[in-house]
Q: 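Got a structure here, written out as structure tokens. Questions coming.
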Protein chains: 2
Amino acid sequence: MNTLAEENYLKSIYHLSLNDSNVSTNQIAAALNTKAASVTDMLKKLADKELINYAKYQGVTLTSAGEKVALHIIRKHRLWEYFLVEKLHFKWDEVHDMAEEMEHISSVELTDRLDKFMDYPKHDPHGDPIPDRDGKFKKNELQPITALQVNESGIISGVRDHSALFLQYLEKQQLTIGKKIKVTEIIEYDQSMILEVEQTKIHISREAAKNLLIVI
Amino acid sequence: MNTLAEENYLKSIYHLSLNDSNVSTNQIAAALNTKAASVTDMLKKLADKELINYAKYQGVTLTSAGEKVALHIIRKHRLWEYFLVEKLHFKWDEVHDMAEEMEHISSVELTDRLDKFMDYPKHDPHGDPIPDRDGKFKKNELQPITALQVNESGIISGVRDHSALFLQYLEKQQLTIGKKIKVTEIIEYDQSMILEVEQTKIHISREAAKNLLIVI
DNA sequence: TAAAAAATTTAGACTTGTCTAAAAAATTAT
DNA sequence: ATAATTTTTTAGACAAGTCTAAATTTTTTA
Ligand SMILES: [Mn+2]
Ligand SMILES: [Mn+2]
Ligand SMILES: [Mn+2]
Ligand SMILES: [Mn+2]
């Protein structure tokens, strides 16, 4: 059906589309660790297959066929991440690269049975929503904790940075999905925040705070 | 490390080696549904990587490095087949093609944890032994039921033909792994066999009998 | 609004894995 | 032991996906 490379391009375009409605060649090249010239070549192929809308120099958007493919890959990625953490007991910072391979396993029946086996999880280990077999999911209404004032609270529900380094840092600070946090102080000098999590106080930089998402 | 194509070649060479010590170019081409010329090209690459012993026109054998790679792929193939049948409740004739994709998932840690998750199964759904992480496994001492005389018994433990058609046929006849069978009659005319399985009599052709393996 | 800078595309090349057709080697038959 | 047949390898080509360098277009700056 679609090649591995095509699938990876569609997935990247989907993710980049969440921030910018038109995705540029250079953005895709950066995301996929490749060169702009290679991206241009692939965009022509994807446009021929009517998976993207592409006009030279104008950037791209996914067609609804392309979005469907992208969401199916993302569904598989997140289901396998959930499997790896919940069934095989990997840590949340260990599963992304494995899921990058597993998301390309093609069987739809397998995907649906995996979903059932795990009792239809709604979110992956990083708090990202898992699309159902039709590609539908509830959009997370998450905010960075920098949106909170002193004495306001929220529940940790996602991350903006998925790097192993950040995830490990959060784990060490007990700042994991589902934990309730309260802002006890915002340091005026550098806007860093002091949080209360399960009776302990934790000091995090504004940089980290921007990447930690909560539901209020 | 090794490409998907390289892995498939090594696996085929391993399987063919079980019947013939030296594997020919044409045998590999037939097994992989490709052309002899393509095989020759790949054999040169695998020989350069010291995964096979290859001398022009002489056929090939795996080096011990090559065998190690092949056994690791086969380990993954059989573990995933077991997973698909035991955890996701697929039928034994449905899992092979999915496992052909899943066997290329690279993480060794994932493979070992999957093994543990399923409590270290020794055989896949078709009765084939699952190599451990060092590539070791007990060689099955199986015989086709054609080796039995009238009134002799055995336990169904494997198949020689893995096609969905044969597996579905066996399933329908209740001839599944673990069942005890007794030969009640061998028809002189065509050597077909009448078996007793759980109080019922089943008539199978010699052709089918040759592909059904038992332990005595 | 014209020049400079940045982004994007084109041109041409390379790698992997495949193919067909032709040549060479090995095997089988007479 | 030679001829015929089969097997295997070589030669040359092609598609997918990538790259560098050069050309083109768009955007920014002055
Ligand atoms: Mn991930
Ligand atoms: Mn994730
Ligand atoms: Mn199989
Ligand atoms: Mn099997």
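Naming convention: chains lettered A, B, ... in sequence-line order (proteins, then strands); numbering from 1 in each chain.
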Q: Rounded to whole Å, how long is the line connecting atom CG of B/L4 with atom C1' of D/dG17?
A: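 Answer to the nearest Å: 15 Å.
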Q: On the nucleotide C/dA7, are OP1 or OP2 found under 4.0 Å from the side-chain N or O atoms that A/S24 carries?
A: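 No, no such contact exists.
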Q: Do the side-chain N or O atoms of B/T34 get closer than 4.0 angstrom to the phosphate oxygens (OP1, OP2) of C/dG17?
A: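 Answer no for this pair, as no side-chain N or O of B/T34 is under 4.0 Å from OP1 or OP2.
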Q: Looking only at side-chain N and O atoms, does B/N26 come under 4.0 Å of OP1 or OP2 in D/dT6?
A: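 The answer is no; no side-chain N or O of B/N26 sits under 4.0 Å from OP1 or OP2.
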Q: Considering Watson-Crick and G-U wobble pairs with both distances under 3.5 Å, what does D/dT6 pair with?
A: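 D/dT6 is paired with C/dA25.
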Q: Consider the side chain of B/Y9, meaning its heavy atoms from C-beta on, and name the nucleotide among D/dT7, C/dT18, D/dT18 that approaches it most closely.
A: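 The listed nucleotide nearest to B/Y9's side chain is C/dT18.
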Q: If pairing requires Watson-Crick or G-U wobble contacts with both distances under 3.5 Å, which nucleotide is the partner of C/dT18?
A: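 Base partner found: D/dA13.
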Q: Would you indicate which nucleotide in C/dT10, C/dG17, D/dT18 comes nearest to any side-chain atom of B/E6?
A: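 For the B/E6 side chain, the nearest candidate turns out to be C/dG17.
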Q: Which nucleotide sits closest to the side chain of A/T40: D/dT8, C/dT18, C/dT9?
A: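 So the nucleotide nearest the side chain must be C/dT9.
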Q: Describe, in one word, how the ring planes of B/H126 and B/W92 are oriented to each other, choosing from parallel (under 30°), tilted (30 to 60°) and perpendicular (over 60°).
A: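 Parallel.
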Q: Between C/dG17, D/dT8, D/dG17, which nucleotide gets closest to the side-chain atoms of A/K45?
A: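 Out of C/dG17, D/dT8, D/dG17, the nucleotide with an atom closest to A/K45's side chain is D/dG17.
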Q: What is the distance, to the nearest angstrom, from the OH atom on B/Y57 to the C1' atom on D/dT8?
A: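 Between C1' of D/dT8 and OH of B/Y57: 5 Å.
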Q: Judged by modelled atom types alone, do B/E103 and B/W80 share a side-chain donor-acceptor pair under 3.5 Å?
A: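 No - no donor-acceptor pair under 3.5 Å links their side chains.
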Q: So which nucleotide does D/dA1 pair with, by the Watson-Crick or G-U wobble rule with both distances under 3.5 Å?
A: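 Pairing partner, where one exists within any strand: C/dT30.
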Q: Can you classify the ring geometry of B/F117 versus B/F83 as parallel (below 30°), tilted (30 to 60°) or perpendicular (above 60°)?
A: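 B/F117 and B/F83: tilted rings.
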Q: Tell me: CG of B/D48 to P of C/dT16, nearest whole Å?
A: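 Between P of C/dT16 and CG of B/D48: 11 Å.
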Q: Separation of A/N22 atom CG from D/dT27 atom C1', in whole Å?
A: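 Roughly 16 Å, once rounded to whole Å.
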Q: D/dT8, C/dG17, D/dC19: which one has an atom nearest the side-chain heavy atoms of B/T25?
A: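 Selected nucleotide: D/dT8.
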